[in-house]
Amino acid sequence: HTRFSGNWLLLFNIMGIICGIFCVLIIVTLIGLLIANILGRTLFVWFETVLIKLPLISNFYGAMKQLMEMVFGTGKSSFTRVVLIEYPRKGAYTIGFVTAEDNLLIGNIIDETMINVYLSAAFHVASGFMVVVPVRNVIPLSISIEDGLKLVMSGGFISPRQEVIS
């Protein structure tokens, strides 16, 4: 029969409490992850279904959802390149994002190659509009779509890095 002193019993009690707290934290974290992923997804789908059934909100919500998925989605971007067009008046230029390289519907009517360019409002990419522009009036920019979005959303405060040629 082995006899433990009071110090050893105290150490075992402290270690037991620490292990117990650690196990509880792991279990609570795992339960939280399960609830957030399963319950959260279920609630989001339910909320989205309710929004889609509301008469006035459904059209707006559907359009905004499509736009957000297009602009911020994880898949392939709908913007193909960044361009500069003369807008809103002669001598003033606006940065735009090409969404279609050849608009046949308008191009056939005008008898010229036309492209779709999305012009975003500063600070908010979702509030913009599309213009159809002749290819000859488009100036391509050599910046990435991400840099173009940063430039537009910041109102011009964040400019893409450019190498200085000396």
Between the OG1 atom in Thr113 and the CG atom in Asn108, the distance rounded to the nearest 0.5 Å is 9.5 Å
Check: Does any non-hydrogen side-chain atom of Val133 lie less than 4.5 Å from one of Tyr87?
Finding: no
Taking every heavy atom of Asp102 against every heavy atom of Ile115, the minimum-distance pair comes out as N-CG2, 4.3 Å
Student check: side-chain heavy atoms of Val152 and Phe97 closer than 4.5 Å:
yes
query = Do Ile95 and Leu151 come close enough that some side-chain heavy atom pair is under 4.5 Å?
reply = yes
dist Ser159:OG -> Ile143:CD1 (nearest 0.5 Å) comes out at 9.0 Å
Rounded to the nearest 0.5 angstrom, the CG-CG distance for Asn116 and Asn103 is 4.5 Å
Taken to the nearest 0.5 Å, the spacing of Ser120 OG from Leu149 CG works out to 7.5 Å
For residues Leu105 and Met130: do they belong to one hydrophobic cluster (side chain heavy atoms under 4.5 Å, members Ile, Leu, Val, Met, Phe, Trp, Tyr)?
no
What one should report as the nearest heavy-atom pair of Ile145 and Val82 is CA-CG2, 3.7 Å
Original post:
With hydrophobic residues grouped by side-chain heavy-atom distances under 4.5 Å, do Phe44 and Val50 end up in a single group?
Top reply: yes
Would you call Val131 and Leu119 a side-chain contact if the rule is heavy atoms closer than 4.5 Å? yes
Query raised in the report: Under 4.5 Å between side-chain heavy atoms, hopping through other hydrophobics if needed: is there a path connecting Val45 to Leu34?
Result: no
dist Trp46:CH2 -> Leu51:CG (nearest 0.5 Å) comes out at 9.5 Å
Quiz item: Is it true that atom CG of Asp111 has more than 12 heavy atoms of other residues, nucleotides or ligands lying nearer than 6.0 Å?
Solution: no
Check your understanding: Got Val83 and Val117 here, is their nearest side-chain heavy-atom distance under 4.5 Å?
Key -> yes
Check: Quick check: are there more than 12 heavy atoms from other residues, nucleotides or ligands sitting under 6.0 Å from CZ of Phe47?
Finding: no
Do Phe22 and Ile14 land in one hydrophobic cluster if side-chain heavy atoms of ILVMFWY residues count as linked below 4.5 Å? no
On a heavy-atom basis, the closest approach of Pro140 and Arg81 is CB-NH1, 3.9 Å
| Is it true that a side-chain atom of Tyr118 and a backbone atom of Thr99 form a donor plus acceptor pair closer than 3.5 Å? | no
Closest non-hydrogen contact found for Asn37 with Arg41 is O-CB, 3.1 Å
Between Val132 and Met114, the two heavy atoms sitting closest are CG1-CB, 3.6 Å
Between Arg89 and Glu86 the two heavy atoms that sit nearest each other are O-CG, 3.6 Å
### Query
With a cut-off of 6.0 Å (strictly less than), are more than 12 heavy atoms of other residues, nucleotides or ligands near CD of Glu112?
yes
